[in-house]
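Note: hydrogens, waters and symmetry copies are ignored here, and every other heavy atom, side chains too, is used.
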Amino acid sequence: MQAHASYVDALTGDAPPEPRADAPTNPPETSEIAQDKPADEGAPSFARTLLEGRQDGATLRDDAQRFAAGLALSALYGLSIGTRAGGLSILKHAAAVPLAPLAVAGLGVPALFIVLTLFDAPVDPPAAVKAAARGAATTGLVLGGLAPAMALFVTTSSSHVGAGVMAGLGLILAGIFGLRAFLGALGTPLGRASSGVRTMSGFALTGFAVFAIALSARVWWSTLPIFGGDL
Amino acid sequence: MSLRDLSVLYLVAGICCAVAIYRSSPAGGSRAAVSAALAVPLWPLWAPIALTAKRAADVPKGAAGGALARVKAALAEAVEASRGTPLASVLPAEAAARIEAEVERRVARHAELEALLRKEAFDLARAEARVREVERASGSGRALATARLDLDNVRRLSSLRDRDARALEELCALAEALRTQVTVARFSGSSAADIGGIVSEVQARVEGLGAALEAEESLRAEEPIET
Amino acid sequence: MSALVLARLLRAPGEIARACRDDHPDVRAIASTSLASIALGAAAFGGVLGSFRGGAQILYGAVKVPLAVLATLALSAPAFHALAAVLGRPWPMRSIVALALASAGRSSLVLLAFAPALWLMLDLGMGYHTAALVASGAYGVAGFAALSLLVRGLGEGKGRLTTALAFIGVFFAVGGQTAWILRPYLVRPRTPDVPFLRDREGSFTEAVLTSLTSAAIYSDRPYQIDERREIDSFDDKRMRSREVEEDFVEEGGQ
């Protein structure tokens, strides 16, 4: 650069600017972190924020917001399946669909946390809350995405049974994804535990999964008018 | 509700989206009207694109685009001036085309960096405010370290952008000097060796610019989440 | 509509897919060109299908086929976005929509390519069932063309195949129901009056289940053209759909 600078001086008569003190001379440390990221590409999005939350300094408030957003998206699904009957039924469905993720988070997650703590699993309350938020957000995102299509199915199915089956399939799909996301989020800290703790925690998580499925099915079956239930 | 009722609701939502699209369109006129009209029946498909997609005009042409035009013009004139003379061996058209292509690539990436730094997530003032907020709230050491890292990254990106803009400007000056040198050499009967140095200088500057721009790729991977 | 984007849709689906995924400024042009391709290609193919009967059905077909495709995409796009996000690709909605539109645009161009050949075959006297099979084959080939762009757009990484299968599942379910609502497309020439839409009869899913059940019940029964059928539930007109009844009459039944 010195030789080049002198040639430029000869041409232009100006000295080149000094390199700035804060200019990086080495690749920043974060490049190593970047390489550990998943292979997915794409610009930032609402979905990414909803599912992954803030990576730095996420607070309880952030997780609560994600949880609430998931419930709101679940309510959208309720709105759509309520269009078959119309009227007040729309609101009843909108109120009933989020009840299942709420019940699972409110009843199942604290119980699971107690059991995991008994096994000395390395899971703290913020991790449990974050996992619950992720599970609810995932369920809500899938339900919200399926809502427009479901509105078409329930309003154009001539038989009530057909409409109910389609609505149920959407709920099952969303529930599976939500449970998968919750167990995946909780599984990350558990991966650091000893094999014995991991084994016992595995049993606990399996039990939680069974409980969550049964509770969700019970809540939806008894509260959704499309299945003959009522709030 | 019947399918007809749903269709009415759908069209009402479409009209609302059409109004939003028309009002958000920068140019207005017939293009905005067509875009808005398309949104009425197809708003789930068209609205996300019409309202949020980048426009070609959003990618700044600015100083970087002007630099590209100057380099292209200067190289073209230099090649033309050296044609049919012994100077052509030092600056063949292929070499000039390679330099142009490289500069074009660098300018495009510089424009991307400019667009990135215009986003709120990369706003320097926002990053500085965040650090102050965490310090005031006596947040955890980890939160403070993360906020400072974010600020450092934004500062580095800004510094890279500024350095690249200067380098592109210097490259323009060099290319224009090359054009002048070739023209003088042609009319004064100078040898190819007289302009060989400046050609090497141009190529070295282009390579140097590329190395600086590649350093920002690792920082881009840390792009914060946009809501 | 951009001729350059049209050419890239056919020749370089990988480039188009990458532009959609990477949120390139080209996304607007890709989306608008794809919409135009869908309108043109699907309309041409639908018009050709309608030409089997002729008359108003040509116009109906030209309107209904693109309407079915666009309605399916509009209803499926949010589901695509959600499924892509939970399967490891939390991209902006616009990227997913652009990818879906580009895939459908590519398939519509393939349908446009098939349209003249199909028209010629119909003009030379191809029968109803053969026409239905050929049309289905054309849809299948067009579907593969769309799939090639979609899979490229989903990029490398975990969950690519699962995401593609999820997209296909949603598209088939929603597309099947939409197409069911908007039928008929291929109408026999002897049909005196053809409605724009048939009366609602069940749903796509119910029709598929009914057909599967019927196929299972009657699979061991020999098919006889000249003999009068025994009275059984098959002859109960309440059990038969309109298409089966028309076939029954056409094949020499009662």
Sort out for me which of V174(C), L154(C), V170(C), V86(C) touches chain A most, counting heavy-atom pairs under 4.5 Å. V86(C)

Most contacts with chain A, counted as non-hydrogen pairs under 4.5 angstrom, among G159(C), G155(C), A84(C), A85(C): A85(C)

Would you mind checking which part of A181(A) comes under 4.5 Å of any heavy atom in chain C, side chain (CB onward), backbone (N, CA, C, O), both or neither? neither

Is L51(A) in contact with chain C via its backbone, its side chain, both, or neither, using a 4.5 Å heavy-atom distance? side chain

Find the one option among G178(A), P148(A), A147(A), A137(A) whose heavy-atom pairs under 4.5 Å with chain C are most numerous. P148(A)

Taking every heavy-atom pair that is under 4.5 Å apart, which of V165(A), L173(A), L152(A), L143(A) has the most such pairs with chain C? L152(A)

Can you tell if the side chain of E52(A) reaches within under 4.5 Å of the side chain of P90(C), non-hydrogen atoms only? yes

Evaluate whether atom CZ of R180(A) has more than 12 neighbouring non-hydrogen atoms of other residues, nucleotides or ligands under 6.0 angstrom away. no

Return the CD to OG1 distance between Q177(C) and T156(A), rounded to the nearest 0.5 Å. 3.5 Å

Distance check, rounded to the nearest 0.5 Å: L83(C) atom CG versus F177(A) atom CZ? 5.5 Å

Residues 72-82 of chain C, side-chain donor-acceptor partners within the protein, below 3.5 Å, at least two apart:
unit_1	atom_1	unit_2	atom_2	d
T72(C)	OG1	A68(C)	O	2.6
S76(C)	OG	T72(C)	O	2.7
H81(C)	NE2	W91(C)	O	3.2

